[in-house]
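Quick note: residue numbers are just sequence positions, from 1.
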Amino acid sequence: MKTAIVTGVSRGLGESLARVLQASGFAVTGIGRTSAATLSGPSYSFVACDLADTPAMDAVLAPAFRAIADARPEFLCLINNAAVAGPVGTIGSLESKVLAASIATNLVAPIAIANLFCRIFAESTQVLRIINVSSGAAESPLAGGGPYSIAKAGLEMLTLQLAAEHDAATFRAISVRPGVIDTGMQTFMRTQSPETLPSVELFIGFHRDQRLVAPDTVAEKIVDKLILSDVEQGRTYNYREL
């Protein structure tokens, strides 16, 4: 049996990843505040968890992780996919409370979930993989999109840290920059004002020039190239390599 844990399954890439994984024979556990209505069946389970509420995370997720451990899957993959685009605005204009919630969801939650994953499964003998869904924004600052870019840069360091600390032959941690995907996040970004998001024209251009890729297309490539195939420990893959 192969099992995958996917965060952010209410829509977009997370929903598509969960569906493609199910179609590929995986048992899937979704994590997030809500789950997409398209995800169901005996091979799917869902754990409701507010990823901005870091202190509660271990208590909420540990029972599900232990149940997976007890089932002893031969292959287990964690996909840290959940993210929020906001808040947008230049540094100096952001409210600290909203900023903290964004960093909690986009960076602290993946660290905490990876930490729990390694704690519960570190002594197991099955093949383990952690995939952190990053972005080109991890290395290219977006004016008005600082919180998102900063979190994605940190997420790629999480991958490197995991690779440095867990060297078992059966363990791999990687990042993926999945390109520009036709999701609600893109819609949100291109509808911002230039005053709030000085880089808004970039997102308008993605849509105008028909560069956005369907979530299902990206999910199929990720599953085929990064989950069902061998990967290089600690590496960041981009969409052109999928």
Check: Run the side chain to side chain contact (heavy atoms under 4.5 Å, CB included) check on R19 and L39 step by step: do they pass?
Finding: CA-CA 7 Å; R19 284 194 286 101; L39 300 174; 3.2 Å; yes
*asked:* Could you check whether atom CE of M157 has more than 12 heavy atoms from other residues, nucleotides or ligands sitting under 6.0 Å from it?
replied: no
ask   = Does the Q233 side chain pair with the main chain of A173, one donor and one acceptor, at a distance under 3.5 Å?
value = yes
Margin query: Surrounding CZ of R11 (heavy atoms of other residues, nucleotides or ligands, distance under 6.0 Å), is the total greater than 12?
Written below: no
Please lay out, stage by stage, how D230 and R172 fare under the test salt bridge (Lys or Arg N to Asp or Glu O under 4.0 Å). CA-CA 9 Å; D230 291 335; R172 293 289 183 272; over 6 Å; no
Distance col, row M1:CE vs R72:CZ, nearest 0.5 angstrom, shows 11.0 Å
*Apply side chain to side chain contact (heavy atoms under 4.5 Å, CB included) to the pair I113 and M57, showing each step before the final yes or no.*
CA-CA 8 Å; I113 295 171; M57 201 167 297; 3.6 Å; yes
- [ ] Assess whether atom NE2 of H166 is packed by more than 12 heavy atoms of other residues, nucleotides or ligands within 6.0 Å.
- [x] yes
Residues pairing under salt bridge (Lys or Arg N to Asp or Glu O under 4.0 Å) where one sits in residues 202-212, two or more places apart or in two chains, turn out to be E201-R208
Q.
Applying a strict under-4.5 Å side-chain criterion to I, L, V, M, F, W and Y, I'd like to know whether L228 and L128 cluster together.
A. no
**Request:** Look at the side chain of R129 and the backbone N and O of I227, then say whether any donor-acceptor pair between them is shorter than 3.5 Å.
**Result:** yes
Look only at the side chain of T7 and the backbone of A82, and say whether a donor-acceptor pair between them is shorter than 3.5 Å.
-> yes
Taking F188's backbone N and O only, do any of them form a donor-acceptor pair with T191's side chain (distance below 3.5 Å, no angle check)?
yes
CZ of F121 to CZ of R66, rounded to nearest 0.5 Å, is 10.0 Å
Taken to the nearest 0.5 Å, the spacing of N106 CG from L155 CG works out to 8.5 Å
In this structure, SG of C77 is separated from CD1 of I174 (nearest 0.5 Å) by 7.5 Å
Worksheet item: Tell me, do M189 and L202 make a side-chain contact under 4.5 Å, heavy atoms counted?
Response: no
Are any side-chain N or O atoms of S229 and backbone N or O atoms of D224, one a donor and one an acceptor, separated by less than 3.5 Å?
yes
Separation between CG (L94) and OG (S96), nearest 0.5 Å, reads 8.5 Å
Self-check item: Check against side chain to side chain contact (heavy atoms under 4.5 Å, CB included), L76 and L78
Solution: CA-CA 7 Å; L76 176 58; L78 165 65; over 6 Å; no
With a 4.5 Å cut-off on side-chain heavy atoms, are V176 and L242 touching?
yes
Next item on the list: Take Y237 and I222 through the side chain to side chain contact (heavy atoms under 4.5 Å, CB included) test and state the conclusion after the steps.
Entry: CA-CA 10 Å; Y237 293 81; I222 289 174; over 6 Å; no
Notebook entry, point to check: Is there a side-chain contact between I5 and F65 (heavy atoms, below 4.5 Å)?
Noted result: yes
Minimum side-chain heavy-atom gap I31-L51 below 4.5 Å: yes
ask   = Under 4.5 Å between any side-chain heavy atoms of P73 and K2, yes or no?
value = no
_Is any side-chain heavy atom of L162 closer than 4.5 Å to one of E165?_
no
For the hydrophobic clusters of this structure (ILVMFWY residues joined by side-chain heavy atoms under 4.5 Å, transitively), does one cluster hold both V84 and V6? no
**OP:** Output yes when a side-chain donor or acceptor of K221 lies under 3.5 Å from a complementary backbone atom of E241, and no otherwise.
**Re:** no
Q. Are I120 and F171 connected in the hydrophobic side-chain network, where two residues link if heavy atoms are under 4.5 Å apart?
A. yes
Take atom CZ of R190 as the centre, draw a 6.0 Å sphere, and report whether it contains more than 12 heavy atoms from other residues, nucleotides or ligands. yes
Taken to the nearest 0.5 Å, the spacing of S16 OG from N81 CG works out to 9.5 Å
In short, side chain to side chain donor-acceptor pair (under 3.5 Å) pairs touching residues 51-60 with sequence neighbours left out are D58-R119
- Any side-chain heavy-atom pair of P110 and L158 under 4.5 Å: yes
- Are any of the side-chain heavy atoms of T217 and Y239 separated by less than 4.5 Å? yes
Point to revise | Aromatic ring pairing Y44/F46, orientation class (parallel under 30°, perpendicular over 60°, tilted between) | key: parallel
*When you check the side-chain N and O atoms of E156 and S175, is any donor under 3.5 Å from an acceptor?*
no
| field | Same apolar cluster (I L V M F W Y, side chains within < 4.5 Å links), L212/L142 | value | yes
L99 and I150: same hydrophobic cluster, using ILVMFWY side-chain contacts below 4.5 Å?
no
